[in-house]
Structures are given as structure tokens and as C-alpha cells.
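Here's the structure we're looking at; comments come further down.
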Amino acid sequence: MRRQFQTRAEVDAYLAHEKIECLECGKRFAFLGVHIKRIHEIDAAEYRRAWGLPAGTPLAGTSYRAMHAEKIRRLQAEGALTYDHLPRATEAARSAPKSPKSPMDAERQATMLSELRRAEGRRSLDERIGSDGRDAERHAEYARAWARYRAGDVQAMAEFWKKWDSKKLGQVPRGHIVKPEEIVRIRTICELSEEDAARLVRATLREYRSWESGETRMHPGLLELLRIKGGARRGRAKPAAFSPSEDKILADNAHMGVSWIARALGRNSLAIHKRAMTLGIEITPQVNKFTPEDDQFILDHRDQSPTWIGEKLGRSTQAVIWRAERVLKIVLPRPQRRGRPKKSQPADDAGDLDA
């Protein structure tokens, strides 16, 4: 009779077969879940507890696991498998009653925690460059804030940077290896959400979150782009907040485009982009599309200059001239060019010559 598993090596040897053995009856199956439910009337969790298997151990052979992994990758590539359920699943897992850990699970968790503590300790020693202990204290508090942020406290890093660093970031050096905490720092200084930061660097929300979590590495150029678009420049004063009247102008003239709104409000285009994202306004500029009202305005004011009409319609002078001459078939008065007047030519009159 088989005994319970005691080591991880025994579990790995048990799973390293094309078909997995049922420890209750000795038969082998590609997938064990259906068999133990129908024949032995126990579920997968009870089976793992009875034989000392760690939680989450797959009850399937190598061929079945490979086929299932290929199916998951195909569904991810087709977009049929999403991760929208993860927040709800995380909340359910946190509120669910905790089952007792197997000795193997407890040992694995203790090993992971000890390795994490050793890594944090090595990094702290490497970065303690101050002789008065000030840098060591700063880094220790940073490590605690970063651990809180990874645990779900989104305000932890903001509180840390507010206390320790009120300066804006400088230029990101070329060849710099981007750390996750630098990305969080720039986003915190710029007062951006994860969705806004991902939109500024033209990345998906999942890809951006993988940068902040450290799963993948962010390119230094994208970090510099986030710094510039977010407005985190060294020595730059924080722009004045948008007033309600400016928000109304932005909302009413979203169809005019970013450049037109920036000129009307006396602000730069990046500030208009950022404010539009905050208000949830989509700026869709007109591109060579004159409305019937625009055409009627041009016809009613054909005696005015194209520059004046363009200012009233929020369009360039060349666009107004092109619309008038090519579509409306009218000629608008052109302003006289400033310069030297042409010399008058002497009259060549035959009558005067004959006289």
C-alpha cells in the first residue's frame, strides 16, 4: 500500500508519466478527475489531502497537460480567453475560508519568503551609500512602501514620494535598465491612473501592468515618453488648474481638434490631451469636412478675406481658399502682398510718336 507523499521529488516523479496513476485503485488515466469522482466518490481536493499532494497539483498525465496548455495558448491568441474574472476571483479567494496547508505547501512558502527577504536585504546593502544612515532609512521605508503597493495599497508609493522626493524626474539616461518602481514613481508624480499611463505610451493595460509588476521589462524610450507626456520635467512649474469655463470650452469644441483648443485656451497640446482624458472627452478633429453651414458662411461673406473666414470657422486659410475655388466656384479677395511697388512703364502710344 502506498504512503502519502513526503517530498517534492516524489510528487514530480508521480506526475512525469503520460498517464497518471490512481492511488486508490492503481489504474492509469490521462485525466484523473472524472474517474475519482465517479468510481471513488471523492473530489480532487479530497484526493490531494488524502495522499499529501500540494494544493493545485494537476491530476493529469503529461500528454493531457500539454494538450490543455496548447488549447489555452490558442484561446489567448484568438482573444476568446480574457482576464476580466481575475478581480472577482481574487476577492472571492481572499474572503474564502482558509484550508490547512499541507507540510509540503508550508515548506515551499517558507522557502519563497526566505529567498525574497534575502534578495531585499542584498538590494538594501547595495544601495546604502550614505554614511549617516539617512539613505539606509530612506531605502528601508521605500522597501516597505513597495511591499504595500504590491499587496494592493495603491497610495503607498504616492505617500513615500510625497515625503522623500518632491523634485520632478530628469532625463532617463540611454541604456538605462528600467525598474518597476521608477515607472510607479513617474506615474505618481504625473498623477496618472494606470489606464491613462498605458494610453500615453500606446500600450495595453495588461502590458503596462506587467511593467509595473516586474514581469516584463519596459523600454527606456517608453519611460522617457511617459515622463514627457505626463509633464514630469525638472524645474518646470506645475500649470494652473483648468477652470470650469475652460472645461466647458473644451467640451463644446472637441470637434475642432487639439491645436485649435490649445490656441483658444492659451495652453499646450499635452495639457489639452491630459485634461480631455480626465474628463472622458474624445477629441475628434474635423479633417477636410466642411458642413453645409460652413459653405453658407463662406458664400455670405465672400467679400471678406480667406484669413478672416478661416479664423471664424477655425480652419486654415489654404483650406478656405481650396473650398471656395474648387467646390463653391467662387474667388475670395486676396490680401495685397507688401513690397516695393512696380515701376510704371512709359506709355508706348503710336499717336504720340506720330505727333
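The chain is numbered in sequence order, starting from 1.
- Here the closest non-hydrogen pair linking Gly310 and Val320 is CA-CG2, 3.7 Å.
- Cluster annotation: Leu222 and Val178 are assigned to the same hydrophobic cluster (Ile/Leu/Val/Met/Phe/Trp/Tyr, side-chain heavy-atom contacts under 4.5 Å, transitive).
- Taking each heavy atom of Glu194 and Arg209 in turn, the nearest pair found is OE1-NE, 2.8 Å.
- No donor-acceptor pair under 3.5 Å is formed between the side chain of Arg323 and the backbone N or O of Leu328.
- A heavy-atom distance below 4.5 Å is not found between the side chains of Phe242 and Leu279.
- Not one N or O on the side chain of His68 forms a donor-acceptor pair closer than 3.5 Å with the backbone of Tyr64.
- Salt-bridge annotation for Arg275 and Asp247: present, with a side-chain N of the basic residue lying under 4.0 Å from a carboxylate O of the acidic one.
- Within the 4.5 Å cutoff, the side chain of Ile186 has no heavy atoms near those of the Leu192 side chain.
- Contact annotation: the side chain of Tyr47 never approaches that of His40 to less than 4.5 Å [non-hydrogen atoms, C-beta and beyond].
- Between the side chain of Glu207 and the main chain of Ala203, no donor-acceptor pair closer than 3.5 Å is present.
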Would you sort out whether Glu70 and Arg74 count as a salt bridge (Lys or Arg N to Asp or Glu O under 4.0 Å), showing the intermediate values? CA-CA 6 Å; Glu70 181 61 30; Arg74 178 171 53 80; over 6 Å; no
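- No side-chain heavy atom of His219 sits less than 4.5 Å from a side-chain heavy atom of Leu223.
- A single hydrophobic cluster is not seen to contain both Val201 and Leu205; linkage of ILVMFWY side chains at heavy-atom distances under 4.5 Å, directly or through other members, places them apart.
- Between Trp211 and Tyr208, the two ring planes are perpendicular [angle over 60°; tilted spans 30° to 60°].
- Smallest separation of non-hydrogen atoms from Phe297 and Leu313: CD2-CD2, 3.8 Å.
- Closest of all the heavy-atom pairs between Ala44 and Leu59 is CB-CD1, 3.7 Å.
- To the nearest 0.5 Å, atom CD of residue Gln4 and atom CD of residue Glu10 are 11.0 Å apart.
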Pair Cys22, Arg28 - check side-chain contact (heavy atoms from CB on, under 4.5 Å), show working. CA-CA 6 Å; Cys22 175; Arg28 291 185 173 273; over 6 Å; no
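- Annotation for Ser210 and Thr216: closest pair OG-OG1, 2.8 Å, computed over non-hydrogen atoms.
- By the 4.0 Å N-to-carboxylate-O rule, Glu182 lies too far from Lys179 to be salt-bridged with it.
- From Leu299, atom CG reaches atom CG of Asp294 across 11.0 Å, with rounding to the nearest 0.5 Å.
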Would you check, one step at a time, whether the test side-chain hydrogen bond (donor to acceptor under 3.5 Å, both in side chains) holds for Ser305 with Thr307? CA-CA 5 Å; Ser305 66; Thr307 304; 4.7 Å; no
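- Linking Ile, Leu, Val, Met, Phe, Trp and Tyr whenever their side-chain heavy atoms come within less than 4.5 Å puts Phe29 and Trp51 in one cluster.
- The closest side-chain heavy-atom distance from Cys25 to Ile39 is not below 4.5 Å.
- From Arg206, atom CZ reaches atom OG of Ser213 across 10.5 Å, with rounding to the nearest 0.5 Å.
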Evaluate Glu181 against Trp146 for side-chain contact (heavy atoms from CB on, under 4.5 Å), listing each step before the verdict. CA-CA 8 Å; Glu181 51 267 27; Trp146 179 247; 4.3 Å; yes
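- For the pair Glu212 and Arg187, the salt-bridge criterion is met [side-chain N within less than 4.0 Å of a carboxylate O].
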Pair Lys37, Asp43 - check salt bridge (Lys or Arg N to Asp or Glu O under 4.0 Å), show working. CA-CA 6 Å; Lys37 188 70 175 177; Asp43 57 13; 5.4 Å; no
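- Placement of Ile20 and Ile42 within a single hydrophobic cluster is found when ILVMFWY residues are connected by side-chain heavy-atom separations under 4.5 Å, directly or transitively.
- Using a 4.5 Å heavy-atom cutoff, the side chains of Leu15 and Arg65 are in contact.
- For Glu78, the CD atom sits in a packed shell: over 12 heavy atoms of surrounding residues, nucleotides or ligands are nearer than 6.0 Å.
- Other residues, nucleotides and ligands contribute only 12 or fewer heavy atoms inside 6.0 Å of the CD atom of Glu18.
- With contacts defined as side-chain heavy-atom distances shorter than 4.5 Å, the pair Leu332/Asp303 does not qualify.
- With contacts defined as side-chain heavy-atom distances shorter than 4.5 Å, the pair Leu225/Leu200 does not qualify.
- Counting all heavy atoms, side chain and backbone alike, Pro306 lies closest to Pro333 at CD-O, 3.1 Å.
- To the nearest 0.5 Å, the span separating CZ on Arg73 from CG on Leu75 amounts to 11.5 Å.
- Looking at Tyr14, its side chain does come within 3.5 Å of a backbone N or O of Glu21 through a donor-acceptor pair.
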Hey, mind stepping through Glu195 and Met277 against side-chain contact (heavy atoms from CB on, under 4.5 Å) and telling me if it holds? CA-CA 10 Å; Glu195 292 79 2; Met277 287 191 299; over 6 Å; no
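- Of the inter-residue distances, the one linking Ile249 atom CD1 with Ser243 atom OG reads 7.5 Å to the nearest 0.5 angstrom.
- One finds the CD1 atom of Ile281 at 5.0 Å from the CG atom of Leu250 (value rounded to the nearest 0.5 Å).
- A donor-acceptor pair is defined here as one N or O able to donate and one able to accept, closer than 3.5 Å; no such pair exists between the side chain of Thr57 and the backbone of Leu53.
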